[in-house]
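Atom set for the values below is all heavy atoms of this structure, side chains included, hydrogens, waters and symmetry mates excluded.
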Amino acid sequence: MVDDACSTALAGDEPVLIRRRCQCPVVVSPKRPEAAWQLYREFGVDVIISDDGLQHYALDRDIELVVIDGGRRFGNGHLLPMGPLREGVWRLNSADFIICNGGTAQPGEYEMELMADPLKNLKDPSLQLMDKRVNAVAAIGNPQRFFESLEGLGYELSGRYAFADHHAYQSEELESLSRELPLLMTEKDAVKCHGFARDNWWYLPVSARFDKPLTEAIVTKIKEKTDGFGSSSV
């Protein structure tokens, strides 16, 4: 069970981020059905969202949403390890909603974009960053997108440092990057760094924005799946 005091070393960076951002019940488990039943038993929830859950076939599902990187799309179209795909593009045929994150949505896809919120200081969220020349660090799936977002906001990146996704930062490696310039990172990076943050470390929160028709379609689909089952459905 992920609570506000849970460490990223124990639960992972994304579950901790989801918990802090959404303040909803979050459970992690190598076996997704166990996590789902825990949510149901503890909280009586009637909607469960499984993050990155398409390939967890042991977990039955009512609705499937696929998010596509609109810039990179499907890469070379091959499965791992020859390409980036876990399943073939044919898998899209059985999904309920295909959502294009950035880039240009193709027919049958809904558009989505990540909108930047104001930068936040890791130690004092009330502060505002006045400097425009900065260093940037990212340990996410596509660090280049983060760096380009910062440049689009008017920041001059003196250094850009990309680490493997979910990298467990050590305080020393980040201190060396922030001795002369402010250090900017993603919100997913920040949840791993709050315990040893320095005064000039900042993160960029982003929020997903999508068309109203997508929101309405998802809500309609949820209602269709829950009609007649009442509060006991899972």
Side-chain angles (χ1 to χ4, degrees), residues 1-3 6 8 10-70 72-75 77-80 83-103 105-114 140-142 165-166 188 206-234:
M1 190 76 70
V2 181
D3 57 29
C6 199
T8 57
L10 177 64
D13 49 17
E14 291 174 1
V16 170
L17 171 57
I18 293 169
R19 168 63 188 177
R20 293 183 180 180
R21 173 66 85 95
C22 301
Q23 287 297 299
C24 64
V26 178
V27 173
V28 296
S29 172
K31 298 179 179 179
R32 294 295 177 101
E34 291 183 357
W37 279 113
Q38 181 76 0
L39 282 167
Y40 182 60
R41 286 192 299 265
E42 294 285 334
F43 302 99
V45 298
D46 53 14
V47 174
I48 294 174
I49 301 174
S50 181
D51 177 45
D52 198 15
L54 284 175
Q55 74 274 21
H56 290 268
Y57 286 108
L59 178 65
D60 199 7
R61 71 286 308 273
D62 296 295
I63 301 171
E64 290 186 331
L65 301 92
V66 178
V67 181
I68 298 171
D69 183 323
R72 296 186 295 181
R73 299 294 295 181
F74 308 110
H78 291 294
L79 302 180
L80 292 168
L85 304 181
R86 298 176 186 176
E87 297 182 273
V89 177
W90 56 265
R91 181 66 172 80
L92 299 176
N93 297 329
S94 60
D96 295 279
F97 301 99
I98 303 172
I99 303 167
C100 181
N101 179 20
Q106 302 299 310
E109 298 176 358
Y110 292 91
E111 290 186 354
M112 164 188 154
E113 59 180 334
L114 296 177
I140 57 176
N142 187 1
D165 196 11
H166 307 295
K188 192 170 90 166
V206 294
S207 299
R209 300 282 189 272
F210 24 72
D211 294 337
K212 186 177 180 181
L214 173 59
T215 304
E216 294 175 342
I218 292 174
V219 171
T220 298
K221 180 71 74 170
I222 291 174
K223 289 180 177 179
E224 290 174 356
K225 295 295 183 178
T226 55
D227 279 350
F229 288 92
S231 60
S232 62
S233 65
V234 63

Is it the case that the side chain of [X] and the backbone of [Y] share a donor-acceptor pair, with hydrogens and angles ignored and the cut-off at 3.5 Å?
| X | Y | value |
| --- | --- | --- |
| Arg209 | Met112 | no |
| Arg41 | Leu39 | no |
| Arg19 | Val27 | no |
| Asp3 | Cys6 | yes |
| Glu34 | Lys31 | no |

To the nearest 0.5 Å, tell me how far [X] [atom1] sits from [Y] [atom2].
| X | Y | atom1 | atom2 | result |
| --- | --- | --- | --- | --- |
| Ile63 | Ile49 | CD1 | CD1 | 9.5 Å |
| Ser29 | Leu59 | OG | CG | 10.5 Å |
| Lys225 | Arg61 | NZ | CZ | 12.0 Å |
| Ile99 | Leu214 | CD1 | CG | 4.5 Å |

Item to check | Criterion salt bridge (charged side-chain N to carboxylate O under 4.0 Å, His left out) on Glu14 and Arg20, from CA distance to verdict | outcome: CA-CA 10 Å; Glu14 291 174 1; Arg20 293 183 180 180; over 6 Å; no

Checklist entry - Taking 4.0 angstrom as the limit, do Asp52 and Arg86 come out as a salt bridge? => result yes

Next on the checklist: Tell me whether Lys223 is salt-bridged to Glu216, with the criterion being a basic N under 4.0 Å from an acidic carboxylate O.
Outcome noted: no

Next on the checklist: Determine whether Asp165 and Lys188 satisfy the following criterion, salt bridge (charged side-chain N to carboxylate O under 4.0 Å, His left out), listing intermediate values before the conclusion.
Outcome noted: CA-CA 10 Å; Asp165 196 11; Lys188 192 170 90 166; 2.7 Å; yes

Checklist entry - Is there a side-chain contact (heavy atoms from CB on, under 4.5 Å) between Val45 and Ile48 once you walk through the steps? => result CA-CA 7 Å; Val45 298; Ile48 294 174; 3.6 Å; yes

Student check: side-chain heavy atoms of [X] and [Y] closer than 4.5 Å:
| X | Y | answer |
| --- | --- | --- |
| Leu65 | Asp96 | no |
| Met1 | Phe43 | yes |
| Phe97 | Val66 | no |
| Arg73 | Asp69 | no |
| Phe74 | Leu92 | yes |

Next on the checklist: Within the 3.5 Å criterion, strictly below it, is a donor on Arg91 or Ser94 matched to an acceptor on the partner's side chain?
Outcome noted: yes

Item to check | Verdict with supporting geometry, Asn101 and Leu114, side-chain contact (heavy atoms from CB on, under 4.5 Å) | outcome: CA-CA 7 Å; Asn101 179 20; Leu114 296 177; 3.9 Å; yes

